[in-house]
Every structure is written in C-alpha cells, then in structure tokens.
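Keep in mind the model is a prediction, meaning the values are calculated, not measured. We count ligands from 1, going down the list as the structure has it; atoms in each ligand are counted the same way.
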Amino acid sequence: MENLEDLKNEIIAKINTCTELKQLDDVRVAVLGKKGKITEMMKGLGALPQEEKIAFGKGLNILKNDIEAALEKQKKILEEKALNEKLKNETIDVTLPVRPETQGRIHPVSKIYEEVAAIFGQMGFDIAEGPDIEDQFHNFNALNMPVNHPARQMQDTFYLNNDPTKQFDMETAYVIRTHTSGVQIRTMEKQQPPIRIIAPGRTYRSDYDATHTPMFHQLEGLVIDKNITLAHLKGCLYDFMKAFFELDELPVRYRPSYFPFTEPSAEMDIGCLKTKTELKIGAGTDWMEVLGCGMVHPNVLRAGGIDPDEYQGFAFGLGIDRLAMLKYGIPDLRTFFESDVRWLKHYGFTPLDFSSMTGGLSNNGGLAR
Ligand code: PHE
C-alpha cells in the first residue's frame, strides 16, 4: 500500500510537469493504456490471495481515480494555455489603416482650401475664379489704383511682355496677378448684387524668404448688398476664424490699415502665444496678423458697374499658405513648393478625410503623421 502512495506521487509529479497535450497523453498511455503500468497491475490482481486481492484492488482503484483526476486537471490547464496562445496569435488590430495602404496625400494648401470652402459654403458664399495672367485694369486700375498710384509699389509685381515683337510697354503689359482682388471686379462685371463670393487662387510677387515665396495662395472674399455694414464684416470674419481654428473662444482685433480698394480698411489679428519653440493660437497676449479687409471703396463699385449710392459691401483677402503654417505648425513656407514626398507624407492629409462642417474640418485624428 505504501508503494501505491509513492507510485501515485511519482505519476502525479510527472503529469504536472507536462507542458504539451501530446506529452500528457503519453503519460496517460504509459499508466492507464492497454499495457500501462496500472493496467498491468490490475491484471496481476487475479494471482493474489483473496484478502490481499480485495485490499490491493481497492487501493488500485483509488489510485486510478486520482490519476484520472490529475490527468483531467492538467489537460484543462494545457488546453486553456493552447487556446490563449492561439487567440494571441490571431488578434486583429482594427485601428490599422485599410489595405492596400493609401499612398497619396493631400497637400496642406489644398486641405486649407477645402476647409475654408466648407466654412464659407455654409455661410452661403459661392466660389468665383479669375485668371492668373491679369490685365492691369483688373489687377490695379479698377481697384482704385490708377497708373502712378503709389500703392502699386507696395506689391513687387511681375510684368509680362505681351508682344515680344514690340518694345515692352509698362502701361499696357499684362501682369501675373499680385492678389486675388481682381476677381472682385470680374465678379461685379458678371453679376449684380446681392453678391457673396470667395475666390481662391494663386498669386505672385517678387519676394523670397522663409515666409514669402514668389508664388503663393490667397483667398478673396466679397459681399455686396443693400445695407451691408462694418458690423457684417466683423461678425463674418470672427465667425470664420473661430470655425477655422476650431476654437469656441478666440481673441481677435481689427487694426486700422490702408488699402486703395477699401475705405475704411483694417487688418485682423488673432490672439496667440508666441514662444521660441511654438505658437499657440487662441491663448496668450501676443497678436498675429491674419488678413486684410475693409468696406469696398465707392470707386471700386463704380468700376465694377455697381451703383455705390444703392449698394455697399465688404471685402477681405487672406494668405492661405500662412493659415496653413499657423494651423498645422509648418515653419518654412518654401518647403510647401519643393515637391518633397517625405514632406508631403509628414504634413499631408489622407484623401479619405475630406473636410466638412458636420464631419470635421481638419480631421486631426486622421492626420497622416
Ligand atoms: N489684396 C490685399 C492684399 O493682397 C488684401 C485685401 C483684399 C485687403 C480685400 C482688403 C480687401 O494684401
């Protein structure tokens, strides 16, 4: 009987050290199989005298039951372990991007145009367009900047030689537009008020450093109707800035300024915090200029064929690239136009995250970073 106790301990120890189901089954066969140790011992019972047979048989049965229980217990443990390993290997990360992975990226300038169009679109603005190569009437004269007007020197204009067979004539030469304000005139020529348009587009000035490139992007805005006041301008642009920077509160101020085509004119600043390493919009005591604006000058309305005694309006112009730099923390404007795929991968946006007022403007979670 004591031997049986030793045998039990020995077998159970073996069972408990099994790490694989196959190994456990080998132990089972070696003990309880047809030729297993306990099976053989049971077969040998018959040769024993009656009394011993009863006692030893009982002992063997208890041993067999204990071994079976130990086998069952270890089997459960090993099966659970196997299942957990399988589950671990088969996990799916549902947050991974769709496959095949989208390679293309939307340029920050395109993204800002989408965002701006979504905001002004909801306010009821249409989108207007004008040509990059512009005559001086639309780029200057009609905007209250006649020939020799000192304001023409404010913008470093690129002039084009219209007719290479003739001598260059500064007065009739086309320009590549220095601003999108010419679209104001083109819109008035086509349409009587009420007018409510934004005009996105490329603009050109001879300038080059970290915040200026010879080609850059502007957005023009024009609203003309009866009884339009400075209050409309202020409210409209304030609402726009808050929507654009996705902030409920944003300090803004309007500083008096000068543009020949608006009177009065102003520049709009937004509140921010400038440190050596970062710029935080909407907090702090610093100011950042974001756009030029004003009430459309009567001479401009007249040049566009609109009666200034009946109608008035406001206009504004903002730099798209600059807004992109501010909103997405891009330090150098020149990198926008280097066509570096690595840059685009870092600062660009996935095409599936389109901007909308209801679905989210910038989809910050979807930034391709
Ligand atoms: N055209 C001006 C510029 O390029 C901006 C502007 C547009 C200002 C409309 C007032 C009204 O600087």
Side-chain angles (χ1 to χ4, degrees), residues 109 112 116 120 125 127-132 134-146 149-158 175-188 195-207 211-225 228-230 232-238 240-241 252-270 288-304 306 308 311-323 333:
V109 168
I112 298 287
V116 165
F120 282 110
F125 282 70
I127 293 187
E129 278 181 315
D132 285 25
E134 189 57 286
D135 55 54
Q136 292 188 46
F137 174 76
H138 290 96
N139 196 77
F140 292 130
N141 302 41
L143 289 163
N144 203 27
M145 279 188 270
H149 191 288
R152 288 201 183 196
Q153 266 82 62
M154 279 163 64
Q155 304 177 342
D156 306 294
T157 312
F158 288 113
V175 299
I176 35 179
R177 64 179 173 190
T178 56
H179 52 188
T180 41
S181 298
V183 186
Q184 288 188 35
I185 307 299
R186 291 190 175 273
T187 306
M188 293 182 219
I195 290 173
R196 208 164 4 167
I197 56 109
I198 51 168
R202 290 182 172 163
T203 46
Y204 309 82
R205 286 177 207 177
S206 179
D207 224 343
T211 53
H212 296 88
T213 48
M215 188 279 299
F216 57 105
H217 298 83
Q218 277 196 341
L219 182 94
E220 193 78 14
L222 177 69
V223 173
I224 301 176
D225 205 343
I228 293 290
T229 71
L230 197 62
H232 293 115
L233 175 154
K234 288 176 72 178
C236 172
L237 295 178
Y238 180 46
F240 165 72
M241 284 300 163
V252 302
R253 72 176 183 189
Y254 294 87
R255 251 179 315 103
S257 183
Y258 173 76
F259 300 103
F261 30 92
T262 47
E263 181 60 37
S265 302
E267 274 168 331
M268 184 183 191
D269 296 343
I270 56 173
M288 186 73 137
E289 185 205 317
V290 282
L291 58 79
C293 57
M295 301 306 291
V296 182
H297 196 290
N299 287 350
V300 175
L301 292 171
R302 250 176 242 120
I306 289 173
Y311 293 105
Q312 58 261 199
F314 66 85
F316 57 89
L318 50 85
I320 288 291
D321 318 270
R322 214 180 133 77
L323 284 187
L333 178 61

- prompt: Hey, does Arg322 have a side-chain heavy atom less than 4.5 Å from the side chain of Phe216?
  reply: no
field: Of Gln218, Glu220, His138, the residue whose pairing with Ser181 passes side-chain hydrogen bond (donor to acceptor under 3.5 Å, both in side chains)
entry: Glu220
task: Check step by step if side chain to side chain contact (heavy atoms under 4.5 Å, CB included) holds for Val290 and Leu318.
output: CA-CA 7 Å; Val290 282; Leu318 50 85; over 6 Å; no
Nitrogen or oxygen atoms of Glu220 and ligand 1 under 3.5 Å apart: no
task: Please identify which atoms of ligand 1 are closer than 4.0 Å to at least one heavy atom of Phe261.
output: 1 (N), 2 (C), 6 (C), 7 (C), 8 (C), 9 (C), 10 (C), 11 (C)
query: For ligand 1, which part of Phe316 has a heavy atom less than 4.0 Å away: the side chain, the backbone, both, or neither?
result: backbone
- request: Establish, yes or no, whether a centroid distance under 6.0 Å links the rings of Phe316 and Phe120.
  value: yes
task: Check whether the ring centres of His179 and Phe261 lie less than 6.0 Å apart, and answer yes or no.
output: yes
task: Could you check which of Pro260, Gly317, Ser257, Gly294 puts a non-hydrogen atom nearest to atom 6 (C) of ligand 1?
output: Gly317
message: Under 4.0 Å, heavy-atom basis, I'd like to know which part of Ser265 is in contact with ligand 1: side chain, backbone, both or neither.
response: neither
Any side-chain heavy-atom pair of Phe140 and His149 under 4.5 Å: no
Atoms in ligand 1 flagged as close to His179, the criterion being non-hydrogen separation under 4.0 Å: 1 (N), 4 (O)
For ligand 1, the portion of Glu267 having any non-hydrogen atom under 4.0 Å away: neither
task: Give the atoms of ligand 1, by number and element, whose distance to some non-hydrogen atom of Ser181 is under 4.0 Å.
output: 1 (N), 7 (C)
- prompt: Under 3.5 Å, N or O to N or O, is Gln218 touching ligand 1 that way?
  reply: yes
message: Can you confirm, on distance only, whether ligand 1 has an N/O atom lying under 3.5 Å from any N/O atom belonging to Arg205?
response: yes
Heavy atoms of other groups near Arg202 CZ, more than 12 under 6.0 Å: no
field: Residue pair Asp321 / Val109, side-chain heavy-atom distance below 4.5 Å
entry: yes
query: Purely on distance, is any nitrogen or oxygen of Gln184 under 3.5 Å from one on ligand 1?
result: no
